There are 2 protein chains.
Amino acid sequence: MEYQDLRIVENPTLVREHALDKLRNAISRGLYPPGMRLVERELCEALGVSRTSVREALRQLQAENLIEVGKRRNITVAIVSSKDAEDIYLMREMLESLAVQRFVALADENAIKKLVRIHKDLRKVLNKGDVRELAIMAGEFYETILNGSGSKVIADMARQLLTRVNYLRMRSMAEPHRLEDGMHEWDTLIEAIVERNAEAAAKAMSAHLSNARKAIVTKLQQEEELAAAAVPERAAVSSRRSG
Amino acid sequence: MEYQDLRIVENPTLVREHALDKLRNAISRGLYPPGMRLVERELCEALGVSRTSVREALRQLQAENLIEVGKRRNITVAIVSSKDAEDIYLMREMLESLAVQRFVALADENAIKKLVRIHKDLRKVLNKGDVRELAIMAGEFYETILNGSGSKVIADMARQLLTRVNYLRMRSMAEPHRLEDGMHEWDTLIEAIVERNAEAAAKAMSAHLSNARKAIVTKLQQEEELAAAAVPERAAVSSRRSG
DNA sequence: CGTGCATACTTTGTATGACAAACATAGAAT
DNA sequence: ATTCTATGTTTGTCATACAAAGTATGCACG
């Protein structure tokens with residue numbers, strides 16, 4: 001007779017993982033906005049952990065492109081340029097349309113029901129106008145699809161990209177026009193998923209992200225032009241006279 | 001008048017970066033093969049650096065999916081399953097066909113000449129049959145295209161994927177049949193690039209990676225079946241009776 | 001006034017040493 | 001042979017320490 005596998009799923013949550021999560025969240029939801037300087041000792045205090053752990057977390061954030069190390073070694077929250085955003089959205093388009101295609105092929109009824117539920121909740125929250133909550137739920141929406149795509153490789157990569165543009169997404173949602181459009185695109189997407197039409201679902205996802213890309217890139221370009229006009233040149237070089 | 005930017009490009013090569021490079025290379029070229037256990041203190045000795053630096057390097061490798069941390073916290077070189085390999089190659093197909101498309105659109109004569117030169121060298125090395133050197137040059141080939149794609153975001157991601165399957169690529173090249181095919185595919189690709197036919201180049205790249213994918217996935221599946229047959233079941237669970 | 005220099009502070013990179021917790025190993029005891 | 005025990009190994013975490021580089025402060029002097 002065989003013994004069953006009774007092992008407890010150990011979850012001693014490493015300190016560095018905890019720190020990593022906290023920092024990643026802070027960045028992705030804009031609590032630490034792009035360009036903000038991150039000082040190790042301050043992070044230690046904010047997180048209540050040692051420098052060792054903070055530094056290990058920072059190395060992971062660095063590999064995830066969420067922070068940048070300047071030439072003077074100082075660490076700042078990464079700034080996503082309009083060009084970067086464009087490429088990231090192109091990649092999301094490829095990855096997530098593939099992911100949703102697989103989701104439709106693989107998902108059981110429960111997964112689809114979950115998606116439909118999130119979608120309904122989204123509608124409700126939309127009417128309330130709470131952008132923060134909306135962003136979180138939209139995140140759940142994507143997450144459900146990624147989880148159901150059956151590919152850890154693709155899901156991981158898509159998640160990483162999503163995190164990088166999460167702050168931009170949130171700000172983009174603040175514009176009511178884009179929100180309405182996005183909701184319609186989601187409607188189409190959900191419809192295709194419920195009908196288990198993989199092809200249509202992939203197309204819908206692709207269209208949705210393509211539109212989101214255009215909106216965000218346009219907005220970023222405008223901001224970049226404004227910034228360039230306001231500070232004629234060499235703005236980034238002189239670190240002194242910024243205040 | 002503007003002051004020129006005279007700053008010296010500082011290159012104090014951080015110890016942790018050095019360690020990271022060394023480890024990444026060791027893994028990607030199979031010196032540390034998949035599944036190998038990595039012990040921090042041994043790495044310290046091998047690299048001649050402190051545990052602090054090794055651990056920071058390990059965190060980056062972890063974020064790059066080149067190593068895995070087991071439930072017992074032990075670190076091993078990541079094993080790429082046939083399924084992972086398939087997904088990675090699908091992503092490479094998407095990314096690198098896009099990259100080469102852009103390369104053709106953007107590249108100056110020099111970049112193209114460089115590519116042609118590498119291609120010629122590849123032919124020569126192919127006849128000599130030195131697989132290691134071949135793999136390195138093929139890497140340069142891809143790297144040149146990625147650098148010329150004009151997108152840091154895409155290039156980074158593609159590089160990361162390439163690193164993950166680099167060991168598999170090397171082993172795949174050991175099979176002469178696949179090598180010949182691959183060379184022909186490269187011929188087609190180079191031809192399209194020289195003619196500055198972006199569309200054709202993208203197609204050629206896609207076809208090449210698709211073929212490479214099939215070859216590698218098939219091979220991996222065979223190996224996995226063999227391994228499964230040799231060790232009936234629960235092989236991964238009992239860490240004791242393996243020796 | 002502001003120019004220049006000296007001094008003190010800050011931040012990062014790196015190394016060490018310490019210790020607990022989780023495991024693994026080898027003997028010892030039954 | 002099974003179980004218990006003592007000992008070693010490995011990782012996770014912290015606290016320090018210090019050098020190098022950069023930044024800020026402040027003072028003296030023409």
Side-chain angles (χ1 to χ4, degrees), chain A residues 1 3 5-23 32 35-63 67-78 236-243, chain B residues 5-23 32 35-63 67-78 236-243:
Chain A
M1 173 194 172
Y3 291 100
D5 189 343
L6 300 174
R7 265 168 309 171
I8 290 138
V9 193
E10 28 198 322
N11 231 6
T13 317
L14 304 182
V15 171
R16 70 158 183 266
E17 299 280 354
H18 187 236
L20 178 60
D21 282 354
K22 288 275 192 192
L23 291 177
Y32 294 172
M36 177 178 173
R37 170 104 187 258
L38 299 180
V39 178
E40 292 179 3
R41 274 207 33 192
E42 290 170 7
L43 296 179
C44 293
E45 282 182 22
L47 295 165
V49 304
S50 76
R51 227 180 123 207
T52 312
S53 301
V54 165
R55 284 178 63 88
E56 290 191 19
L58 287 177
R59 294 289 87 77
Q60 299 211 210
L61 293 175
Q62 189 180 346
I67 60 176
E68 281 164 2
V69 298
K71 12 178 208 328
R72 306 299 189 222
R73 296 289 125 77
N74 39 355
I75 291 173
T76 54
V77 177
V237 173
S238 77
S239 58
R240 302 182 175 210
R241 320 202 52 77
S242 63
Chain B
D5 191 342
L6 301 175
R7 266 167 308 171
I8 289 136
V9 193
E10 28 199 323
N11 233 4
T13 318
L14 304 183
V15 171
R16 68 159 185 267
E17 299 281 355
H18 186 237
L20 178 59
D21 281 355
K22 289 273 192 195
L23 292 176
Y32 294 173
M36 175 179 176
R37 171 102 185 259
L38 298 180
V39 178
E40 291 179 4
R41 281 210 24 193
E42 291 170 7
L43 296 179
C44 293
E45 282 182 21
L47 295 165
V49 303
S50 77
R51 225 179 126 211
T52 314
S53 301
V54 165
R55 283 178 64 87
E56 290 192 19
L58 288 177
R59 294 291 86 77
Q60 297 210 209
L61 293 175
Q62 189 180 349
I67 60 176
E68 281 164 2
V69 298
K71 13 181 206 326
R72 308 295 190 227
R73 296 288 124 77
N74 39 354
I75 291 172
T76 54
V77 176
V237 173
S238 77
S239 57
R240 301 182 177 208
R241 319 201 54 74
S242 63

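Sequence lines set the chain letters: A, B, ... in the order given, protein chains first and strands last, and positions in each chain run from 1. What's counted below: heavy atoms across the whole structure, side chains too, no hydrogens, waters or symmetry copies. This one's a predicted model, so the numbers in the text were calculated from it and none came from an experiment.
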Spacing of A/H18 atom NE2 relative to D/dT13 atom C1', expressed in whole Å
15 Å
Could you tell me the separation between the CG atom of B/L14 and the P atom of C/dT14, rounded to a whole number of Å?
5 Å
Where B/T76 and B/R37 come nearest, the two heavy atoms and their spacing:
CG2-CA, 4.1 Å
Rounded to whole angstrom units, what separation is found between the CZ atom of A/R16 and the C1' atom of D/dT13?
10 Å
Tell me the interatomic distance from B/R73, atom CZ, to C/dA20, atom P, rounded to whole angstroms.
19 Å
Where is the tightest heavy-atom contact between A/Y32 and A/L23, given as atom of each residue plus distance?
CE1-CD2, 3.9 Å
Once you round it to whole Å, what is the distance between P of C/dT10 and CD1 of A/I75?
19 Å
Quick check for you: to the nearest 0.5 Å, what is the distance between B/L38 atom CG and B/I67 atom CD1?
6.5 Å
Contact class for A/L38 (heavy atom, under 4.0 Å): base, sugar-phosphate, or nothing?
sugar-phosphate
Value in whole Å for how far the C1' atom of D/dA15 lies from CD of A/E40
15 Å
Please list, in numerical order, the residues of residues 49-57 of chain A that have a heavy atom closer than 4.0 Å to any atom of DNA chain C.
A/R51, A/R55
About how many Å separate CD of B/E17 and NZ of B/K22, when rounded to the nearest 0.5 Å?
14.5 Å
When rounded to the nearest 0.5 angstrom, what distance separates CZ in A/R59 from OG in B/S53?
10.0 Å
Gap between atoms NZ and P, on A/K71 and D/dA20 respectively (whole Å)
23 Å
When rounded to the nearest 0.5 angstrom, what distance separates CD in A/Q62 from CD in B/Q60?
4.5 Å
Quick one: which of D/dT11, C/dT14, C/dC23 gets closest to the side chain of B/R72?
C/dC23
Protein-nucleotide distance (B/L47, atom CG; C/dG13, atom P), rounded to Å:
18 Å
